[in-house]
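Working notes, beginning with the structure itself.
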Amino acid sequence: MAHKHKSQKPVGRHERRSAAWGKRASLFLLLAVGMLGVPQLNAAAGARSRIASELSGLLAKAHQGSAQGQTVRVIVQYQQVPTAAHYTAMNGRGGRLQVKLHLIQGAAFTIPVSALPSLEADPQIASVTIDHPLKGMDDYTDAAMNVSAAVNSSYNGSGVGVAVIDSGINDNHADLWDSTESHSRVVYHQDFTGTSVYNSGGHLVYDLYGHGTHVAGIIGGNGYKSGGRYAGVAPNVSLVDLRVLDVNGSGSDSMVIAAIQQAIALKNTYNIKVINLSLGRGISVGYAQDPLCQAAEAAWKAGIVVVAAAGNFGRVSVSGSSGYGTVAAPGNDPLVLTVGAMKSMGTYPRTDDQIASYSSKGPTTYDFVVKPDVVAPGNMVVSLDSHWSTLEGEYPGNLVAGNYSNHDYFILSGTSMATPAVVGGVALMLEQDPTLTPDQVKARLMKTAYKTFPTSSTATDPTTGQTYTSYYDLFTVGAGYLDMAAALANTDKAPATVGSALSPSAAYNSSTGAVTLSNGNSSVNPSSVVWGSSVVWGSSVVWGSNVAGSSVVWGSSVVWGSSATSGFSVVWGASSNVAGSSVVWGSSLLGGNGAFSSTSGER
């Protein structure tokens with residue numbers, strides 16, 4: 001279902017001023033779907049198998065003839081954009097087409113497990129991966145991010161289109177109307193879940209879960225129902241609603257890929273400059289083999305800034321790993337701009353702000369990419385409520401009254417909330433200078449980020465009483481805390497080419513015990529990378545003297561203690577394999593269904 005939307009409402013009084021979020025709450029989202037344990041890809045004779053290793057168990061059953069009646073939903077990528085002949089061949093194998101994904105030369109199918117050997121032998125097929133399930137990652141933001149500088153310069157996101165790929169946007173909320181108060185700034189809706197619901201009046205309910213509306217408000221709410229108190233970062237952006245999460249906040253890789261594909265198709269129609277991905281899932285393969293990451297890269301190459309949540313797994317400590325190696329996909333991709341979450345501490349000055357202990361930390365699984373790229377306010381954020389949504393029903397204590405009703409605003413926490421704060425900031429930058437490429441936006445945000453942090457901080461979960469210690473290295477806070485005043489005042493430009501601001505990779509030297517940064521990867525000339533050997537500005541500027549140093553990330557005295565060698569090996573592994581999905585995302589760790597449950601916010 002897709003349609004343009006121009007709802008109308010009576011003209012009334014309108015007032016807006018700068019954003020001010022951050023009342024206390026009793027919820028932070030720890031949402032992601034776990035993955036069964038999978039080994040690292042092990043290609044025979046140097047050639048990678050067409051069937052991803054995560055399907056190896058099912059493939060073995062198929063070869064043994066013990067998979068009768070079993071089906072699996074997969075994403076099949078071909079050597080070319082699939083044609084009718086490819087779909088006919090898949091149908092002949094018992095496959096059922098779910099969605100065409102020509103963006104990545106593929107499609108999603110439900111297939112009999114017994115068909116896997118024939119797919120493995122088909123030379124027209126490049127890869128077969130699981131169509132993974134995924135979920136959303138769930139008035140001090142203004143002060144922390146220096147958004148007032150944009151307001152004082154009259155920047156508000158006008159003319160910039162933002163695609164929100166989430167659970168939908170309830171555009172009946174008055175904070176999403178335009179300046180005339182007669183039309184919604186949600187200019188387009190499309191549902192990829194196939195679970196649309198209509199209310200008693202026959203109108204489509206756009207956000208059944210409540211997550212996407214909250215995200216949209218952080219990006220572009222105008223604060224109408226709060227007299228401007230809970231306005232978003234870019235309160236005049238146009239919003240494109242691409243719904244991929246259902247009433248329970250669940251979706252799949254193929255839904256997100258299809259939505260990204262549509263965002264690219266609509267780019268010129270709605271001037272889509274940014275995509276918000278406040279969702280994610282565990283990592284089962286390197287980013288170069290992950291179709292979700294490939295789709296995000298395609299959008300980036302099409303000129304759209306892709307901003308993704310780092311994940312909410314920073315408290316997961318396996319054998320003393322202290323939450324390192326837990327960044328979720330597609331935030332693990334080195335092209336995209338990946339965001340971690342900070343806490344405002346209930347004060348306006350950012351000098352006392354702290355990292356949220358649940359914010360996921362790098363390096364990334366398999367590829368050792370340094371993530372997150374930046375951090376932004378994400379804890380206990382007040383934004384738009386979607387009335388009668390699942391989240392509102394589950395957490396009525398998180399409702400915050402506006403000027404009109406008790407169902408105007410809602411509090412959520414997580415990297416899901418930090419991500420749209422950055423997206424709003426990107427919209428302001430692109431309003432100021434529409435010529436900036438995604439790499440130039442990313443590099444400037446990283447260079448200008450606020451880099452003064454303490455060595456460490458502690459946080460206590462008010463429900464369990466457990467205390468967590470966080471260290472402010474670049475795997476935790478990236479290049480620093482988003483600073484919009486500095487970003488808008490800066491005029492430096494990194495090279496416009498795709499990949500000029502790739503997130504660097506980390507390398508562990510087992511003989512010296514040191515972890516250092518590399519200058520990009522084999523596909524990008526190191527000299528073109530912002531922090532490479534021929535840098536636009538030095539690594540000390542990008543990362544800052546207070547963010548884990550420059551060349552050496554840490555040595556033998558690692559963050560989790562030199563004695564905790566088991567924790568170090570979990571992240572780096574004897575075979576250079578960061579915490580595999582069997583360790584971090586295993587069902588035994590996350591519960592029977594592999595999903596994190598919601599819990600209270602932290603102190």
Side-chain angles (χ1 to χ4, degrees), residues 1-2 50 52 73-87 90 95-111 119 124-134 161-166 188-194 240-245 251-281 283-308 329-337 437-439 498-499 523:
M1 184 281 300
R50 295 186 178 94
R73 182 158 166 158
V74 296
I75 293 175
V76 179
Q77 291 180 265
Y78 293 88
Q79 302 291 353
Q80 64 180 70
V81 172
T83 64
H86 293 98
Y87 296 125
M90 190 64 74
R96 185 171 72 254
L97 177 67
Q98 298 295 336
V99 61
K100 295 179 180 179
L101 304 171
H102 289 182
L103 177 67
I104 58 170
Q105 296 187 179
F109 300 92
T110 298
I111 63 168
L119 270 61
Q124 298 184 67
I125 291 176
S127 69
V128 182
T129 57
I130 289 176
D131 185 5
H132 302 108
L134 47 76
V162 176
V164 179
I165 299 177
D166 211 284
Y188 182 91
H189 294 278
Q190 185 163 349
D191 175 44
F192 295 87
T193 69
V240 173
D241 171 22
L242 303 175
R243 181 172 179 254
V244 299
L245 302 180
S252 67
D253 279 2
S254 60
M255 293 177 191
V256 178
I257 294 169
I260 293 174
Q261 184 171 271
Q262 184 66 348
I264 296 172
L266 296 171
K267 177 178 181 288
N268 293 333
T269 304
Y270 297 109
N271 196 32
I272 296 173
K273 295 279 193 177
V274 201
I275 289 175
N276 189 105
L277 292 173
S278 289
L279 45 76
R281 51 121 170 108
I283 300 171
S284 59
V285 294
Y287 68 84
Q289 288 79 48
D290 192 325
L292 182 60
C293 292
Q294 291 175 37
E297 289 194 1
W300 192 274
K301 293 171 183 176
I304 301 174
V305 182
V306 181
V307 188
N332 61 317
D333 193 282
L335 272 183
V336 307
L337 181 58
T437 68
D439 285 88
V498 172
S523 65

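Between Ala302 and Ile264 the shortest heavy-atom distance is CB-CG2, 4.1 Å. Taking each heavy atom of Ala295 and Ile260 in turn, the nearest pair found is O-CG2, 3.5 Å. When all heavy atoms of Ile111 and Gly95 are compared, the pair lying nearest together is CG2-CA, 3.9 Å. Residues Gln77 and Ile104 approach most closely at NE2-O, 3.2 Å, considering heavy atoms. Between Lys301 and Leu335 the shortest heavy-atom distance is CE-CD1, 4.4 Å. The two residues Ala263 and Ile275 make their nearest non-hydrogen contact at CB-CD1, 3.9 Å.
With Gln105 contributing its side chain and Pro82 its backbone, the two residues share no donor-acceptor pair below 3.5 Å.
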From CA spacing to verdict: side chain to side chain contact (heavy atoms under 4.5 Å, CB included), Leu119, Arg50:
CA-CA 8 Å; Leu119 270 61; Arg50 295 186 178 94; over 6 Å; no

Under the criterion side chain to side chain contact (heavy atoms under 4.5 Å, CB included), I'd like the reasoning laid out for Tyr188 against Asp241: C-alpha separation, chi angles, the key distance, then a yes or no.
CA-CA 6 Å; Tyr188 182 91; Asp241 171 22; over 6 Å; no

Step by step, would you call Ser127 with Gln289 a side chain to side chain contact (heavy atoms under 4.5 Å, CB included)?
CA-CA 8 Å; Ser127 69; Gln289 288 79 48; over 6 Å; no

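Atom CD of Gln261 is separated from atom CG of Leu266 by 11.0 Å, given to the nearest 0.5 angstrom. Within the model, atoms OH of Tyr87 and NZ of Lys100 stand 5.0 Å from one another, a figure rounded to the nearest 0.5 Å. Taking CG of Asn271 as the start and CD1 of Ile304 as the end, the distance is 10.0 Å to the nearest 0.5 Å. With rounding to the nearest 0.5 angstrom, the CG atom of Leu97 is 13.5 Å from the NE2 atom of His86. Here the straight-line distance linking atom CD of Gln262 with atom CG of Leu103 works out to 11.0 Å at 0.5 Å rounding. Rounded to the nearest 0.5 Å, atoms OG1 (Thr193) and CG (Leu245) are 9.0 Å apart.
Side-chain contact between Pro291 and Ile257 is present, with at least one heavy-atom pair separated by less than 4.5 Å. A 4.5 Å side-chain heavy-atom check between Asn332 and Cys293 finds at least one atom pair inside the cut-off.
For the residue pair Asp131/Ser254, the side-chain donor-acceptor check at 3.5 Å is satisfied.
Between Val76 and the options Leu101, Ile125, Thr129, a side chain to side chain contact (heavy atoms under 4.5 Å, CB included) holds for only Ile125.
For residues 252-272, every residue pair satisfying the salt bridge (Lys or Arg N to Asp or Glu O under 4.0 Å) rule, not counting sequence neighbours, is listed here: Asp253-Arg281.
In this structure, Tyr78 and Phe109 have perpendicular ring planes: the angle between them is above 60°, well past the 30° mark.
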